[in-house]
Protein chains: 2
Amino acid sequence: MANSKKQQLLFAALELFVKQGISNTSTASIAQAAGVASGTLFHHFTNKQGLIDALYRWVKEGMSDGLVTSLNLLKQNSDALDHQTYQEALFRLWFESMNWAVTHPLHTRFFYRYYQNQQVTPSLQSNLENRMLQQLEEVLMLGAKNGWLLDMPMDLLRHHCYQMYLSTSQFFLEQPHLWQNPNYQQSAFKCFLQSIERA
Amino acid sequence: MANSKKQQLLFAALELFVKQGISNTSTASIAQAAGVASGTLFHHFTNKQGLIDALYRWVKEGMSDGLVTSLNLLKQNSDALDHQTYQEALFRLWFESMNWAVTHPLHTRFFYRYYQNQQVTPSLQSNLENRMLQQLEEVLMLGAKNGWLLDMPMDLLRHHCYQMYLSTSQFFLEQPHLWQNPNYQQSAFKCFLQSIERA
DNA sequence: GTCTATATCAAGATAGAC
DNA sequence: GTCTATCTTGATATAGAC
């Protein structure tokens, strides 16, 4: 079946890329790991770069999907929003993101490692990136408008939040058992919240 | 002269790796850019990996050198240390780091891009990494001991600080003119300080 | 769509003169 | 230490049968 082989190839590539790096992984070995002939890979993807980009898109969309739900919930009730509800919404967003990272180690590692690396076509990368940053900005605007957040330039704030999400998820990804530890879980969020709240 | 050619090769590699990525850069093109014969590269480095690792070490040591000075200043006066002096020391440390990043864009980009990427030999990478993290921990212990910092697990705190340094320097590196803007400069530090201080 | 077999080629690395 | 010339390999990508 067409789609099945394509999926198998993507998944095999994900595993190998994370384990050994993209440039150390030959298309032949991907095909083999997927249980597919080497020529078949080039039926589904125009070339190795095409496979890399498709994989990146696939992974990134998986990451976004989880967030979009939480984000929409928050934006629906944006008219009558009090400070506490906003904080709780931020927490849910944060929590879901971390949870997704810890439960999808391969995806997260791949994304994190090839984020801003020339091995993924840069234009594709920044397109997907911008979509996510834009959504994040909407959420932050809600808080800034109400004076709940630090008075700082929005682009810097947005960058900071995004990077804190990336770096914290990376921390828990490396040590998943710490994500089960309430002290770590709460400290991480407190640190995040404190970094952006108006003092 | 021996050392000169070696340096030229390192610098040419730095430029090309940052511009096109490591795997898209052939040893031949590095030699050419350095104005050196292709065989000469393999006299100075055992192979391409050797060059990559040497470059990584070189860059990382350049980054650390600046910090060590600031760090020592702080540790010398650690006996009689008040809160304000500690905050000022943190600021100096932060400021020097950012400044170094903005004034050394190639080094910083290279480091940032190949940080935790399989393209640099992992054991080398974590050795250099640990040295820096250990120094950072000493500084944070000073603050934690006096109850000035958020009561959170030290490994998480250390990771957070290191990542904030990386991500913020990356922000200003992409837009160097914003580093000249006091509002951005102060906001960034405030955000950092607020994220780790006891409320 | 999938396979096998193979063409092509570029890049890493070496040999040996200077 | 540096150069030129060359070897070798392994990976991408294609051709063509099924």
Side-chain angles (χ1 to χ4, degrees), chain A residues 1-58 110 113-114 117-125, chain B residues 1-58 110 113-114 117-125:
Chain A
M1 180 158 244
N3 231 7
S4 139
K5 298 256 171 187
K6 189 170 182 176
Q7 277 300 317
Q8 282 169 275
L9 282 164
L10 282 172
F11 189 72
L14 178 59
E15 280 194 306
L16 290 170
F17 287 168
V18 167
K19 194 160 69 177
Q20 342 171 325
I22 289 180
S23 45
N24 297 325
T25 304
S26 68
T27 53
S29 69
I30 296 170
Q32 192 183 11
V36 159
S38 64
T40 304
L41 191 152
F42 294 95
H43 174 72
H44 291 290
F45 307 96
T46 55
N47 51 28
K48 189 182 183 182
Q49 192 61 50
L51 167 63
I52 295 170
D53 288 346
L55 181 55
Y56 193 84
R57 172 169 256 134
W58 179 54
F110 175 78
R113 189 167 296 151
Y114 297 107
N117 212 54
Q118 259 100 338
Q119 290 173 47
V120 179
T121 300
S123 62
L124 167 71
Q125 211 160 5
Chain B
M1 183 157 244
N3 230 9
S4 138
K5 298 256 170 187
K6 188 170 182 176
Q7 277 299 318
Q8 282 170 276
L9 282 164
L10 281 173
F11 188 73
L14 178 60
E15 279 194 306
L16 290 170
F17 286 167
V18 167
K19 195 161 68 179
Q20 341 171 323
I22 290 180
S23 45
N24 296 326
T25 304
S26 68
T27 52
S29 69
I30 296 170
Q32 191 183 11
V36 158
S38 65
T40 304
L41 192 152
F42 294 95
H43 173 73
H44 291 289
F45 307 96
T46 53
N47 50 27
K48 190 183 183 183
Q49 191 61 49
L51 168 63
I52 295 171
D53 288 347
L55 181 54
Y56 192 85
R57 171 170 257 132
W58 180 52
F110 175 78
R113 188 167 296 149
Y114 297 107
N117 212 53
Q118 258 100 337
Q119 289 173 47
V120 177
T121 301
S123 61
L124 168 72
Q125 210 159 4

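Within every chain, numbering begins at 1; the chains are lettered A, B, ... in the order of the sequence lines, protein sequences first and strands thereafter.
- Distance A/Gln7 CD to C/dG1 C1': 16 Å, rounded to the nearest Å.
- Look at CD on A/Gln119: it is 12 Å from P on D/dT12, rounded to the nearest Å.
- A cation-pi arrangement is found for A/Lys6 relative to A/Phe45, the charged atom lying closer than 6.0 Å to the ring centre and inside a 45° cone about the ring normal.
- Under the 3.5 Å distance criterion, the side-chain polar atoms of B/Thr121 are left unmatched by any main-chain donor or acceptor of B/Leu124.
- Taking atom CG of residue A/Asn47 and atom C1' of nucleotide D/dA11, one finds them 13 Å apart after rounding to whole Å.
- Closest to the side chain of A/Lys5, from the set C/dT2, C/dA13, D/dA13, is C/dT2.
- Distance alone, capped at 3.5 Å, is enough to place a donor-acceptor pair between the A/Gln118 side chain and the B/Val18 backbone.
- In this structure, the CD atom of A/Gln49 is 17 Å from the P atom of D/dA11, given to the nearest Å.
- Closest approach of B/Ala33 to B/Leu16, counting heavy atoms only: CB-CD1, 3.9 Å.
- Taking side-chain N and O atoms only, A/Thr27 has a distance below 4.0 Å to OP1 or OP2 of D/dT12.
- Computed from coordinates, the B/Asn24 CG to C/dA11 P distance equals 9 Å when rounded to whole Å.
- Note on A/Lys6: every side-chain N or O is 4.0 Å or more away from OP1 and OP2 of C/dG1.
- Because its NZ or CZ atom is not both nearer than 6.0 Å to the ring centre of B/Phe42 and within 45° of the ring axis, B/Lys48 does not count as a cation-pi partner of that residue.
- Pairing each heavy atom of B/Val36 with each of B/Lys5, the nearest pair is CG2-CD, 3.5 Å.
- Between B/Ser23 and A/Ser23, the closest heavy-atom pair is CB-CB, 3.8 Å.
- Scanning residues 31-43 of chain B for heavy-atom distances under 4.0 Å to DNA chain C yields B/Gly39, B/Phe42.
- We find that CZ of B/Phe17 is positioned 13 Å from C1' of C/dA11, with the value rounded to whole Å.
- The side chain of B/His44 sits closest to D/dT2 out of C/dA11, D/dT12, D/dT2.
- Taking atom CG of A/Leu51 as the reference point, atom P of D/dA13 lies 10 Å away to the nearest angstrom.
- One interatomic measurement links the two molecules: NZ of B/Lys48 to P of C/dG12, which rounds to 4 Å at whole-angstrom precision.
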